[in-house]
*Asks:* 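Have a look at this one.
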2 protein chains.
Amino acid sequence: MAKERTSPARKALSRERVIAAAVALADQTGYREFSMRRLGAELGVSPMALYKHVGGREELLDEMVDVVFGELEDPSAREDWVTAMRRRGVSVREALRRHPWAVGLMESRSNPGPENLAHHNAVMGCLREAGFSFEMAVHAYSIQDSFIYGFALQEKTMGHESPEESAQAAKTRGKGSDGYNEYPYLIEVEAELARSGYDHAAEFEWGLSLILESLERLRKNSP
Amino acid sequence: MAKERTSPARKALSRERVIAAAVALADQTGYREFSMRRLGAELGVSPMALYKHVGGREELLDEMVDVVFGELEDPSAREDWVTAMRRRGVSVREALRRHPWAVGLMESRSNPGPENLAHHNAVMGCLREAGFSFEMAVHAYSIQDSFIYGFALQEKTMGHESPEESAQAAKTRGKGSDGYNEYPYLIEVEAELARSGYDHAAEFEWGLSLILESLERLRKNSP
DNA sequence: ACCTGAACACCGTTCAAGT
DNA sequence: ACCTGAACACCGTTCAAGT
């Protein structure tokens, strides 16, 4: 018999397997708990084995971020630009809810991966094809992504509660917070949120719509 | 002579001195390099001495973030709400340029400090007094902060270059990037940025204005 | 070729000990 | 009352050694 695996229990490591396991580990444990050593343990391997496949922590993070970019909706479809952008915006928010560790990272990697480049190209293409000038397309891209990533940042903090859950949270928070007495408008917020809750998805779509409709108005009123 | 300082060289530690030194250290070295041990060294003291004054790393970060909130412009002034909000928005961006380590942290601290609460109360108050309904004021607050913090996040990545510097950067980046050939719209971006550069301040104010003017339109057209 | 152990230079934090 | 040293349980990463 020719060359045979001596320890057959574990599948051989590969770059793809390391990256996939890294994303899964970060999804489960969060960014704070994610480490090379834990990832090694998760794969049943010494931490140093990883370095034969991924170069280092920073390079691995680059790859993980590109996995998330790969999950975003491609706006190149032939719909009108507003619904194309709305859908891709919603898909970014949803991807960042699945992968909260990616929130501060999507726009902070200094060497973007292929999925990242392809997505940026597709968004810019969608806007240019819709008739935006170059300057306007840059503005439109900037304001959308600022809103989307900023919203994701805030939502990450406030948690993934449903409207009902956040109403309950606000109610119990209101009890102990005597320190709020100097802040009448914050008391109103707590009281109203305790009544009706806070619907993150609805808030996101309200903001995204305002931005897209304003951009569409500008697009229509230009040469 | 009564009780006298035995080691006079170092001023005595205090909560305030620790917090101020922490902000200064983070400003200089960035979030990545900031640590309790380095802060101790900076203050000429063992790392463990800090724990008599600040409870721990997380509590210290809470206090540092509240220092930044204390630097924001108070929108309670009696101007019209649009310029009040515009000014406070600009002041948030500027504060986050002075303190880039605070970018992911402003909206992610789970127990807000007094400056944080006072600022939120003032913003909400400004919007309510301007005639926004409670629901609309929440929308208006959410979309503004999403945009502002998201913009700061992106700007932090791209660096604090002047328009001229970023033009130069885009030019040299364009040379080596043969991989961009599949992405025609990205090539356009690189080419245009190499010509005109990218003015972060102008981009920020364009986006903020679009949001504020859209909100003002909604406010005027309501009961 | 692929993986490992020991080591290095770091973390935050606890706790008993010093003054 | 305030600070320290040694220790614990972690990091990312290098490098010589194993198979």
Side-chain angles (χ1 to χ4, degrees), chain A residues 1-23 25-26 28-65 101 104-105 108-111, chain B residues 1-23 25-26 28-65 101 104-105 108-111:
Chain A
M1 55 181 73
K3 39 172 79 172
E4 189 171 317
R5 291 253 138 265
T6 50
S7 98
R10 286 252 148 240
K11 256 201 301 182
L13 239 47
S14 72
R15 184 165 236 265
E16 286 65 35
R17 241 167 63 77
V18 169
I19 294 165
V23 170
L25 178 61
Q28 287 162 31
T29 66
Y31 186 63
R32 295 286 314 271
E33 307 299 321
F34 176 79
S35 74
M36 299 298 277
R37 294 176 110 108
R38 283 192 63 145
L39 178 57
E42 206 74 15
L43 286 163
V45 105
S46 111
M48 304 72 201
L50 304 172
Y51 286 77
K52 297 286 146 177
H53 297 97
V54 288
R57 184 174 207 268
E58 287 301 306
E59 191 186 299
L60 180 53
L61 286 173
D62 283 339
E63 294 286 4
M64 292 165 69
V65 166
W101 50 268
L105 270 46
S108 80
R109 302 278 84 197
S110 25
N111 30 335
Chain B
M1 57 181 71
K3 37 171 79 171
E4 189 171 317
R5 289 253 139 267
T6 50
S7 97
R10 285 254 149 238
K11 255 202 305 184
L13 238 49
S14 71
R15 184 166 238 264
E16 285 67 34
R17 242 166 63 78
V18 170
I19 294 165
V23 170
L25 179 61
Q28 288 162 30
T29 67
Y31 186 62
R32 294 287 315 270
E33 306 300 320
F34 175 79
S35 74
M36 298 299 277
R37 294 176 109 108
R38 283 190 63 144
L39 179 55
E42 206 74 17
L43 286 162
V45 103
S46 111
M48 305 73 200
L50 304 171
Y51 285 78
K52 297 287 146 177
H53 297 98
V54 289
R57 184 173 206 269
E58 286 301 306
E59 191 186 300
L60 180 53
L61 285 173
D62 283 339
E63 294 286 3
M64 291 164 70
V65 166
W101 50 269
L105 269 46
S108 80
R109 302 279 82 196
S110 26
N111 29 337

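Note that the coordinates shown come from a computational prediction; the quantities given were computed from them, not determined experimentally. So that the names make sense, note that chain A is the first sequence line, chain B the second, and so on, each numbered from 1.
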*Asks:* Nearest to the side chain of B:Tyr51, which nucleotide is it out of D:dC3, D:dT13, C:dT13?
*Replies:* C:dT13
*Asks:* Which nucleotide, in any strand shown, forms a Watson-Crick or G-U wobble pair with C:dG12, with both distances under 3.5 Å?
*Replies:*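 Pairing partner, where one exists within any strand: D:dC8.
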*Asks:* So which nucleotide does D:dC3 pair with, by the Watson-Crick or G-U wobble rule with both distances under 3.5 Å?
*Replies:* none
*Asks:* Can you list, in residue-number order, the parts of residues 28-35 of chain B that come under 4.0 Å of DNA chain D, counting heavy atoms only?
*Replies:* none
*Asks:* To check you understand the geometry: which heavy-atom pair defines the closest contact between B:Arg17 and B:Ala12, and what is its length?
*Replies:*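 For B:Arg17 and B:Ala12, the tightest heavy-atom pair comes out as NE-O, 3.1 Å.
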*Asks:* Would you mind reading off the distance between B:Arg15 atom CZ and D:dA1 atom C1', rounded to a whole angstrom?
*Replies:*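 B:Arg15 atom CZ is separated from D:dA1 atom C1' by 17 Å.
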*Asks:* Is the backbone N or O of A:Ser35 less than 3.5 Å from a side-chain atom of A:Arg57, with the two atoms forming a donor-acceptor pair by type?
*Replies:*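 No; judged by distance alone, with no hydrogens or angles, the pair does not exist.
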*Asks:* At what distance, to the nearest 0.5 angstrom, does CE of B:Met64 lie from CD of B:Glu59?
*Replies:* 13.0 Å
*Asks:* Which atom pair, heavy atoms only, marks the closest approach of B:Arg109 to B:Glu58?
*Replies:* NH2-OE1, 3.2 Å
*Asks:* Output the rounded distance in Å from NZ (B:Lys52) to P (C:dT19).
*Replies:*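 Going from B:Lys52 (NZ) to C:dT19 (P), I get 17 Å.
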*Asks:* Would you kindly give the CG-to-P distance between A:Leu43 and C:dC3, to the nearest whole Å?
*Replies:*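 One finds 10 Å between P of C:dC3 and CG of A:Leu43, rounded.
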*Asks:* Does A:Val23 form a side-chain contact (heavy atoms from CB on, under 4.5 Å) with A:Trp101? I'd like the steps, not just the answer.
*Replies:* CA-CA 9 Å; A:Val23 170; A:Trp101 50 268; 4.0 Å; yes
*Asks:* Can you find a side chain N or O atom of B:His53 that sits less than 4.0 Å from OP1 or OP2 on D:dC3?
*Replies:*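 True: B:His53 side-chain N/O within range (under 4.0 Å) of D:dC3 OP1/OP2.
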*Asks:* Can you tell me which nucleotide in C:dT4, C:dC11, D:dT4 comes closest to the side chain of B:Arg38?
*Replies:*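 Comparing C:dT4, C:dC11, D:dT4 against the side chain of B:Arg38, the answer is C:dC11.
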*Asks:* Among residues 57-65 of chain B, which residues get a heavy atom nearer than 4.0 Å to DNA chain D?
*Replies:* none
*Asks:* What's A:Met48 touching, base or sugar-phosphate or nothing? Going by heavy atoms closer than 4.0 Å.
*Replies:* base
*Asks:* Rounded to the Å, how far apart are A:Met36 CE and C:dC3 P?
*Replies:*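 That distance rounds to 14 Å.
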*Asks:* Using every non-hydrogen atom in the two residues, find where B:Glu33 and B:Arg38 come nearest and quote the distance to one decimal.
*Replies:* O-CD, 3.2 Å
*Asks:* Between B:Val45 and B:Leu50, what is the shortest heavy-atom contact and its length?
*Replies:* CG1-CD2, 4.4 Å
*Asks:* Which atom pair, heavy atoms only, marks the closest approach of B:Gly56 to B:Met36?
*Replies:*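 Answer, listing the atom of B:Gly56 first, then B:Met36: C-CE, 4.2 Å.
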*Asks:* Roughly, in whole Å, what's the span from CZ in A:Arg37 to P in C:dA7?
*Replies:*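 Checked: the CZ to P distance equals 13 Å.
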*Asks:* Specify the closest pair of heavy atoms between B:Val18 and B:Val54, including all atoms of both residues, with the distance to one decimal.
*Replies:*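 That would be CG1-CG1, 3.8 Å.
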